[in-house]
Amino acid sequence: MDKPMVRIGHLSSWYGRGRDRRQVLRDVSLTLAPGEALGIVGESGSGKSTLAKCVLGMVADVSGTLEVGDPRPQMVFQDPYGSLNPAKTVGWILEEPLRAAGVRDRAERRRRVREFLPLVGLEEGHLARKPAQLSGGQRQRVAIAAALIQGSRLIVLDEPVSALDVTLQAQILQLLADLKEELGLSYLFISHDLAVVYQLCGRVAVMTGGEIVEEGDVDQIYDHPRHPYTKKLLAASLALD
């Protein structure tokens, strides 16, 4: 059996110090298999983004166990315009992760960038543009490319389509599904929308109050939710359809 890409056991986390120290995660346990897409669903403040930050090594005050099988997991954020440097071209933005990884030869960086463009549905003409000159869908494709170009296989997706209209959402979700199969990626997909998670993920964990209250196959959770909070989220998702 393959070793899990992520194994979390009884994880708790806190923010702040002294009297301001506040617990955010409470005894969270889950696993993510290689090549799997796992949805983490909950409303704002449920703890799902903190869990993602723990996986990325961004939270210091934790207890429990956390094993991550990728030495450099990456994140794709909700707002690509906010996560991309507005003063730089797409070419510079996509070369930057390679510079950070120690690829010093400029020609080699450019070669890798050009090879990667078709995978995310971009063209060479986009390389000279800045983020403001791109559509929202194109900006998210750039953000996805920047997360993958170093060779990372564990990608944390934090509400990656919530800022897009329905048509662009479907395109980006299909792109993510294709990349997952082609590159053997593992996804931790953070969302407030069960309907969106259903389109990409095989399993889903529902969070509220820093705890996982329900976990299982997406069809099982979607068709037969058990926890009242899951039923509430599902009803909200269906109301938006």
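The figures that follow rest on heavy atoms only: side chains count, while hydrogens, waters and symmetry mates do not. None of the values given here were measured: they were computed from a predicted structure.
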Please identify each residue that fulfils salt bridge (Lys or Arg N to Asp or Glu O under 4.0 Å) with [X], with sequence neighbours left out.
X    : answer
R226 : E214
R153 : none
R106 : none
K130 : none

Kindly say whether [Y] contributes a backbone atom to a donor-acceptor pair with the side chain of [X] at under 3.5 angstrom?
X    : Y    : value
R72  : S152 : no
Q171 : V166 : no
S191 : V41  : no
S12  : D27  : yes

Approximate separation, where rounding is to 0.5 Å, of [X] [atom1] and [Y] [atom2]:
X    : Y    : atom1 : atom2 : result
D223 : D217 : CG    : CG    : 9.0 Å
H227 : K232 : NE2   : NZ    : 11.5 Å
L98  : R110 : CG    : CZ    : 12.5 Å
L148 : L176 : CG    : CG    : 8.5 Å
Q174 : L200 : CD    : CG    : 9.5 Å
L134 : L122 : CG    : CG    : 8.0 Å

Tell me whether [Y] is reachable from [X] by hopping between hydrophobic residues (I, L, V, M, F, W, Y) whose side-chain heavy atoms are closer than 4.5 Å.
X    : Y    : result
L179 : L154 : no
L173 : I190 : no
M75  : Y187 : no
V156 : V204 : no
F189 : V28  : no

Ignoring hydrogens, what is the shortest heavy-atom contact between [X] and [Y]? Give both atom names and the distance.
X    : Y    : value
S13  : V59  : CB-CG1, 4.2 Å
S162 : E159 : OG-O, 3.3 Å
L38  : A205 : CD1-N, 4.2 Å
L32  : L188 : CD2-N, 4.5 Å
P97  : I149 : CB-CG2, 3.8 Å
S135 : Q138 : N-OE1, 3.0 Å

Please list, chain by chain and in numerical order, all residues satisfying side-chain contact (heavy atoms from CB on, under 4.5 Å) with [X], sequence neighbours excluded.
X    : result
D61  : W14, R21
R26  : Q23, E211
R17  : none
P225 : T230, K231, L234

Review point. Would you call E108 and R111 a salt bridge, taking side-chain N to carboxylate O under 4.0 Å as the test?
Key: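 Result for this pair is yes, salt bridge flagged.
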Does any part of the side chain of [Y], heavy atoms only, come nearer than 4.5 Å to the side chain of [X], both counted from C-beta?
X    : Y    : value
S186 : E36  : no
M207 : L25  : yes
D158 : Q78  : no
L51  : L30  : yes
F116 : L94  : no
E67  : K3   : yes
I144 : I155 : no
L127 : R114 : yes

Review point. Yes or no on side chain to side chain contact (heavy atoms under 4.5 Å, CB included) for E43 and T208, after CA distance, side-chain angles and deciding distance?
Key: CA-CA 7 Å; E43 294 175 313; T208 185; 5.8 Å; no
Practice item. Sort and list the pairs that fulfil side-chain hydrogen bond (donor to acceptor under 3.5 Å, both in side chains) and have at least one residue in residues 93-104, not counting sequence neighbours. Key: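 Output for this query lists E95-R109, E96-R99.
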Point to revise | Pairs touching residues 46-55 that satisfy side-chain hydrogen bond (donor to acceptor under 3.5 Å, both in side chains), sequence neighbours left out | key: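 Non-adjacent pairs meeting side-chain hydrogen bond (donor to acceptor under 3.5 Å, both in side chains): Y15-T50.
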Review point. Hey, is CD on E115 packed in by over 12 heavy atoms from elsewhere, all under 6.0 Å?
Key: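 Result for CD/E115: enclosed.
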Exercise for review: Begin from the C-alpha positions of V161 and L168 and carry the test side chain to side chain contact (heavy atoms under 4.5 Å, CB included) through to its verdict.
Suggested key: CA-CA 8 Å; V161 298; L168 290 177; over 6 Å; no
Exercise for review: Not counting sequence neighbours, which residues clear ring-ring contact (aromatic ring centres under 6.0 Å, His included) with Y198? List them please.
Suggested key: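 With sequence neighbours excluded, Y198 shows a ring-ring contact (aromatic ring centres under 6.0 Å, His included) to Y222, given in chain and number order.
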Name each donor-acceptor pair under 3.5 Å that joins a side chain in residues 85-92 to protein atoms two or more places apart or in another chain, with its distance.
unit_1	atom_1	unit_2	atom_2	d
N85	OD1	A87	N	3.0
T89	OG1	W92	N	3.2

